[in-house]
Amino acid sequence: MLEKNYDHKQVEEGKYDKWVDNGYFIGGKDKSKPPFSMVIPPPNVTGKLHLGHAMDTTLEDIICRYKRLRGYDVLWIPGCDHAGIATQAKVEEKLRKQGISRYDLGREKFLEKAWEWKNEYASTIHSQWGAMGLSVDYTRERFTLDEGLNNAVKHVFVTLYNEGLIYQGEKIINWDPVLRTALSNIEVIHSDDEGEFFYFYYDVEGTDERLIVATTRPETMFGDTAVFVNPKDERYKHLVGKNAINPANGDPLPIMADSYVDIEFGTGAMKCTPAHDPNDFALAKKYGFPLIKVLDETAHVNHLGGKYEGMDRYECRKALVEDIKNNGHLCKIEKMVHSVGHSERSGAVVEPMLSKQWFVKMKPLAERLLENQKNPDTKVEFVPKRFENVLLRWMREVDDWCISRQLWWGHRIPAYYNIETGEILVSEKEPDMNLYRQDEDVLDTWFSSGLWPFATMGWPESTEDFDRYFPTSVLVTGYDIIFFWVSRMVFQSLHFTGKRPFNQVLIHGLIRDELGRKMSKSLGNGVDPMDVIEKYGVDALRLFITTNSAPGLDERYVESKVQSTAAYLNKIWNACRYVEMTLGEDYKPSKPNKKELTPIDAAILDKLERTIKSVTKSMDAFQFGQAATALYDFVYDDFCSSYLEMSKIALQKGESKATKDTLFYVMKSIILMIYPYSPFIAEELYCSLPEHLESIMLESYPEYDKAYLNAKAVKAVAILENMIKDIRNYKATNGVAPNAKVNLNISPKEPFKGAAEYLARFAFANSINITKESLSGNPFIYDGCEMIVEEDIDKEALKAKLLKEKEKLIGEVARGEKMLSNPGFVSKAPKEKLALETEKLEKNRKLLSSIEEKLASL
RNA sequence: GGAUGCUUAGCUCAGCUGGGAGAGCACAUCCCUUACAAGGAUGGGGUCACAGGUUCGAGCCCUGUAGCAUCCACCA
């Protein structure tokens with residue numbers, strides 16, 4: 001016997017461990033079933049999981065649990081990402097609080113600390129996965145730095161190197177001066193910051209003219225090599241070929257003309273700093289200028305800065321501007337809002353800087369991806385579709401990918417330098433380390449994440465899992481990492497396995513706070529999923545979070561909705577409790593016998609089948625909100641409010657096996673349909689049903705069964721429901737107590753045989769007189785019968801009500817007539833629609849004329 | 001500068017391939033009826049951002065406008 005109220009803590013207790021211990025999450029136990037596979041987007045081992053993870057993983061879990069019940073051999077591989085830069089930043093921060101820098105510790109000791117950190121957070125993540133109820137296969141858990149992934153990474157690096165797709169080069173890259181590492185373009189977050197635009201006078205050698213050049217970064221002026229103007233710019237034509245004097249250090253700078261310069265921008269004269277700006281770098285290459293670096297790896301000025309040497313970039317900026325002002329070369333300073341790049345992890349202003357790094361040559365890889373997306377049989381299908389364009393557009397314009405990081409936590413680059421000759425050796429196997437030293441750098445964390453779907457299955461070794469489960473079926477992720485992750489998995493997979501990594505990608509939005517803001521630490525508006533679970537239960541959290549928005553759209557976390565979701569689960573709980581009480585101890589389930597059903601039973605079965613059909617369709621299309629809504633409407637309105645009440649009549653009469661079977665069949669179907677969303681309560685309720693299996697995980701999903709469709713019963717019951725509703729409403733609007741007895745006259749017949757009994761009970765009808773004769777008075781009129789409520793009430797109120805109904809019907813009839821007299825509609829509308837409208841019009845006309853008659857007789 | 005999404009009830013949001021708009025919360029009235037007061041019954045509340053167009057018919061398709069949001073690019 002179930003408790004009176006749903007208690008989420010009691011329900012969740014012990015279930016997850018039971019599932020894991022019984023091996024229900026392990027893939028490949030029955031290989032006669034078709035395979036279905038997914039990989040978890042590996043969370044960073046940087047901290048606890050947040051609501052975004054909760055949504056993402058719940059969607060995956062819903063899909064997996066649904067597919068298992070649908071007869072698939074499901075494999076869902078879990079794992080974590082070492083998250084190179086993010087984790088290293090966290091570990092360094094922790095050390096800094098103890099007054100230690102990573103350089104104090106040295107590489108090896110630091111890595112020990114990082115592994116300690118990883119172990120701590122991986123175990124937190126494990127317990128959170130458990131709390132969320134994720135049905136992942138722990139026997140296949142992976143980590144991006146484990147041995148297998150390491151081998152895969154080395155293999156990929158060496159192969160790409162040998163193919164000429166990885167190269168070492170000196171280019172302008174994004175430098176994080178706090179973490180002291182290079183970053184890829186997408187790890188730089190641009191924000192519009194207010195800054196200053198400095199206008200300086202440059203004396204022109206051999207003339208008494210001055211040129212005005214504007215810059216936002218005066219501290220880089222020690223690395224200037226030229227001043228550029230546009231060749232068409234009349235203001236400066238006569239100066240081209242002369243030298244301008246750099247006001248920072250007195251060096252002469254040739255004045256050159258190039259069409260790159262925008263005449264309209266600034267003063268139309270631009271300084272060229274090849275080692276600290278990508279565009280200037282390109283110009284310098286074109287004209288053969290030297291590349292002069294003036295900042296070191298912590299963004300302090302180097303020896304070229306003269307007296308400013310050793311200053312931080314901003315200190316230098318301030319001092320230099322002051323000095324230039326003092327010697328009369330400052331023209332003006334303007335406030336200016338411009339886009340400034342910040343490091344995604346440290347937040348530091350990124351310094352574009354010349355540096356020797358490793359790159360992946362993207363063009364051939366991108367082209368292969370783009371080509372593959374044109375093939376409908378092998379392309380990765382995006383849900384919703386539009387997100388494919390995000391990927392395509394980015395891939396079309398992608399720059400070479402800077403993959404080396406000056407970090408310690410990560411996959412060390414398998415490149416070795418001969419100590420004597422400096423000759424480079426790129427190899428999966430470590431050479432004799434007496435003769436070689438390894439490259440100090442590690443790889444971008446996304447380099448290994450990009451291999452996740454196949455490396456977790458054992459690739460590059462040939463394994464059974466890889467053969468059976470790759471490509472994976474679906475990937476679920478947020479739109480914010482299409483560039484970072486999805487794209488890299490796709491092109492790496494195509495290049496190395498020849499296949500797409502997943503057949504479909506389900507893209508979801510972000511979770512925001514109640515005010516629509518991003519959840520962030522700095523705002524302090526983050527919601528911890530574990531707090532929500534504590535308060536409302538994981539089933540409510542899961543159901544809420546996956547059903548309150550449409551695919552691909554952002555969603556707000558609204559606590560009141562979680563609360564009402566928990567109330568809904570309580571509703572299901574109590575419905576089940578009632579069903580079990582009603583069925584009794586010795587009930588033996590069997591499929592409802594169609595011949596013995598009451599119209600009430602037949603109607604609910606019809607609605608159940610329609611619900612199963614629509615829920616299944618939505619589930620298959622990843623329309624989880626729609627599926628849940630269809631189920632919700634059925635559970636609340638059709639089942640609880642209507643059927644559970646009405647079925648009491650048959651049950652109390654005794655001979656009610658068919659009704660009991662209906663109760664059981666519908667209840668079980670509901671439990672199975674809510675199960676993927678809310679597995680804990682579903683398991684609890686399922687296991688309390690008679691003749692249950694060991695776990696709901698071994699069950700099958702409800703199948704749509706056309707045999708139970710019964711339109712006639714549905715219509716008859718609908719009329720009965722309307723009658724009850726009308727009587728209740730009538731009482732409410734006429735100030736009659738809801739349980740006041742009334743006498744009913746019905747003509748010419750009840751909606752179905754025995755309907756009167758229901759009226760007696762649910763509308764408190766005292767006597768019910770069924771007559772063939774036309775009713776006098778003020779009847780309610782239905783399709784097939786009319787009903788009059790005899791009660792000592794205000795005739796005027798009733799008349800008003802009838803008039804209102806008449807108005808409505810006139811409108812309806814007018815609508816139908818207009819439609820049907822429209823030759824366009826009659827000739828072009830589909831036949832079914834035409835028939836439907838014709839029938840509706842006839843019905844409405846009849847209803848209207850009866851109402852008019854009754855009104856006349858008043 | 002380019003792209004995408006959003007604009008529907010007081011609030012938060014659904015609304016699949018076009019065929020008289022829905023939910024939750026909130027609100028009003030009544031009810032502690034033996035599954036559920038985390039409940040039940042009944043009800044009020046919407047020119048579906050705006051302007052055109054296509055169509056027999058538009059919340060849904062097309063064009064444009066406005067506001068909000070996000071992404072990409074540029075920024076000497």
Side-chain angles (χ1 to χ4, degrees), chain A residues 2 4-6 185-186 190 192 197-198 213-217 227-228 260-262 265-273 277 279-280 336-340 384 386-387 389-390 393-394 397 479-480 482-483 509-510 512 514 516 518 536 544 547-550 552-561 563-582 614 617-618 621 623 625-626 628-629 632-633 636 640-641 644-645 724-725 728-733 735 737-739 762 811-812 815-816 818-820 822-830 832-833 836-837:
Chain A
L2 296 170
K4 187 171 172 190
N5 276 313
Y6 160 54
N185 294 350
I186 49 177
H190 293 273
D192 284 337
F197 205 25
F198 303 93
V213 178
T215 179
T216 52
R217 294 196 298 158
V227 170
F228 274 93
Y260 167 75
V261 178
D262 180 353
F265 194 88
T267 62
M270 176 193 103
K271 73 190 195 67
C272 178
T273 319
D277 183 280
N279 296 310
D280 294 4
M336 176 203 212
V337 173
H338 63 142
S339 170
V340 177
R386 66 187 139 90
F387 289 104
N389 292 326
V390 176
R393 200 155 9 89
W394 192 65
E397 298 160 4
Y479 60 70
D480 52 330
I482 292 175
F483 302 147
L510 307 178
R512 299 173 173 280
E514 292 214 26
K518 258 190 182 170
Y536 298 105
F544 157 76
T547 59
N548 273 275
S549 81
L553 298 183
D554 290 353
E555 175 182 356
R556 296 189 196 191
Y557 174 80
V558 180
E559 184 167 348
S560 68
K561 288 201 180 188
Q563 199 172 348
S564 63
T565 305
Y568 168 51
L569 293 175
N570 183 53
K571 188 81 179 172
I572 293 179
W573 177 275
N574 273 290
C576 188
R577 175 168 172 263
Y578 163 76
V579 167
E580 289 173 15
M581 278 165 51
T582 304
S614 102
K617 190 180 162 198
S618 297
Q623 291 279 359
Q626 280 182 34
T629 302
Y632 180 92
D633 290 344
Y636 245 99
C640 291
S641 295
L644 286 189
E645 294 305 324
I724 293 169
K725 199 166 189 170
R728 285 172 174 171
N729 180 359
Y730 171 93
K731 289 178 176 174
T733 51
N739 57 356
F762 298 108
E812 288 292 311
R815 168 178 170 271
K818 189 181 154 202
M819 224 172 180
L820 290 163
N822 180 341
F825 177 79
V826 176
S827 60
K828 291 183 183 173
E832 308 84 66
K833 180 68 185 166
L836 196 85
E837 288 298 332

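Per chain, numbering begins at 1; letters A, B, ... match sequence-line order. FYI, side chains are in, hydrogens and waters are out, and symmetry mates aren't considered; it's all heavy atoms of this structure.
No engagement by A:F387 is indicated, since no non-hydrogen atom pair under 4.0 Å with the nucleic acid exists. Base engagement by A:C640 is indicated by at least one non-hydrogen atom pair under 4.0 Å involving a base atom. Looking at heavy-atom distances under 4.0 Å, A:T582 makes no contact with the nucleic acid at all. Using a 4.0 Å heavy-atom distance criterion, A:E559 is classed as making no nucleic acid contact. Looking at heavy-atom distances under 4.0 Å, A:T216 makes contact with sugar-phosphate atoms alone, never a base. At a threshold of 4.0 angstrom between heavy atoms, the contacts of A:P823 with the nucleic acid are absent. Heavy atoms of A:V390 sit nowhere under 4.0 angstrom from any nucleic acid atom. Looking at heavy-atom distances under 4.0 Å, A:A575 makes contact with a base. Within 4.0 Å (heavy atoms only), A:K725 reaches sugar-phosphate atoms of the nucleic acid but no base atom. Within the nucleic acid shown, A:D262 comes within 4.0 Å of at least one base atom, counting heavy atoms only. Using a 4.0 Å heavy-atom distance criterion, A:Y557 is classed as making no nucleic acid contact. Residue A:F762 is classed as having no contact, given no heavy-atom separation below 4.0 Å to the nucleic acid. No engagement by A:Y568 is indicated, since no non-hydrogen atom pair under 4.0 Å with the nucleic acid exists.
Closest to the side chain of A:M819, out of B:G19, B:U42, B:A35, is B:G19. In this structure, of B:A38, B:G19, B:C72, it is B:A38 that holds the atom nearest to the side chain of A:N570. Distance from the side chain of A:K4 is smallest for B:A37 among the nucleotides B:U17, B:A35, B:A37. Candidate nucleotides B:C25, B:A35, B:G19 were compared by shortest atom distance to the side chain of A:S560, and B:C25 ranks first. Distances were taken from every side-chain heavy atom of A:R512 (C-beta onward) to each of B:U70, B:A35, B:C25; the shortest belongs to B:U70. The A:S564 side chain lies nearest to B:C25 when the options are B:A41, B:C25, B:G19. Distances from the side chain of A:R386 to the nucleotides B:U4, B:C13, B:U17 place B:U4 closest. The nucleotide whose nearest atom lies closest to any side-chain atom of A:Q623 is, among B:A35, B:U42, B:G15, B:G15. Here the side chain of A:K833 is nearest to one of B:G19, B:A14, B:U42, namely B:G19. Checking B:G19, B:A14, B:G40 against every side-chain atom of A:L553, the shortest atom distance belongs to B:A14.
Both A:P738 and A:Y632 sit near RNA chain B, but only A:Y632 has its closest nucleotide nearer the 5' end. Toward the 5′ end of RNA chain B lies the nearest nucleotide of A:R393, the other residue of the pair A:R393 and A:G268 mapping further downstream.
Taking 4.0 angstrom as the limit, A:K818 places none of its side-chain polar atoms (N or O) nearer than this to OP1 or OP2 of B:G19. Here A:N548 does not reach the OP1 or OP2 of B:A14: none of its side-chain N or O atoms lies under 4.0 Å away. In this structure, A:K571 reaches the B:G40 phosphate: one of its side-chain N or O atoms is under 4.0 Å from OP1 or OP2. A close approach under 4.0 Å does occur between a side-chain nitrogen or oxygen of A:R556 and OP1 or OP2 of B:U12. Between A:Q626 and B:G15 there is a side-chain polar atom (N or O) within less than 4.0 angstrom of OP1 or OP2. At B:A41, one or more side-chain N or O atoms of A:S641 fall inside 4.0 Å of OP1 or OP2 (strictly under the cut-off).
The CG atom of A:N574 sits 13 Å away from the P atom of B:U34 (whole-angstrom rounding). Atom CZ in A:F825 sits roughly 12 Å away from atom C1' in B:G20 (whole-Å rounding). What separates CG of A:L2 from C1' of B:C36 is a distance of 12 Å, to the nearest Å. Between A:W573 atom CH2 and B:G39 atom P there is a gap of 17 Å when expressed in whole angstrom units. Summarising the geometry, the separation between CG on A:N739 and C1' on B:U34 is reported as 16 Å, rounded to the nearest angstrom. Between the CG atom of A:N729 and the P atom of B:G43 there is a distance of 4 Å, rounded to whole Å. The distance between atom CD of A:Q563 and atom C1' of B:A38, rounded to the nearest whole Å, is 8 Å. Rounded to whole Å, atom P of B:C72 lies 11 Å from atom CG of A:D480.
Nucleotide B:C32 is matched to nothing when pairs are restricted to Watson-Crick or G-U wobble geometry with both distances under 3.5 angstrom. Nucleotide B:C68 is matched to B:G5 when pairs are restricted to Watson-Crick or G-U wobble geometry with both distances under 3.5 angstrom.
Using the six-membered ring where Trp is involved, A:Y632 and A:Y568 have ring planes that are tilted, between 30° and 60° apart.
Atom-to-atom distance recorded for A:E559:CD and A:S564:OG is 11.0 Å, nearest 0.5 angstrom. Note that CD of A:Q626 is 8.5 Å distant from OG of A:S614, once rounded to the nearest 0.5 Å. Taking CE of A:M581 as the reference point, atom CG of A:L2 lies at 10.0 Å (rounded to 0.5 Å). Remark: A:E555 CD to A:R512 CZ distance equals 11.5 Å, nearest 0.5 Å.
For the P atoms, the distance linking B:C74 with B:G18 amounts to 41 Å, nearest Å. B:G46 and B:A41: their P atoms are spaced 24 Å apart (whole Å). Distance noted for atom P between B:C27 and B:U54: 47 Å (whole Å). Nucleotides B:A9 and B:G5 are separated by 23 Å at their C1' atoms, to the nearest Å. Distance check on atom P: B:A23 versus B:G15 gives 15 Å, rounded to whole Å. Between the C1' atoms of B:A49 and B:G24, the separation comes to 24 Å (whole Å). Spacing of C1' atoms, B:U29 relative to B:A69, comes out at 41 Å, to the nearest Å. Nucleotides B:G59 and B:C16 have their P atoms positioned 13 Å apart, rounded to a whole Å.
Checked for salt-bridge contact, A:E837 and A:R815 meet the test: a charged N lies under 4.0 Å from a carboxylate O.
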Give the C-alpha distance, both sets of side-chain angles, the deciding distance and a yes or no for side chain to side chain donor-acceptor pair (under 3.5 Å) between A:N548 and A:Y557.
-> CA-CA 9 Å; A:N548 273 275; A:Y557 174 80; over 6 Å; no
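When side chains are defined from C-beta on, A:I482 does not count as touching A:W394, because their heavy atoms never get closer than 4.5 Å. Between A:D277 and A:R217 there is a side-chain heavy-atom pair separated by less than 4.5 Å.
At a cut-off of 3.5 Å, with distance as the only test, no side-chain donor of A:Y260 or A:D280 sits close to an acceptor on the other residue.
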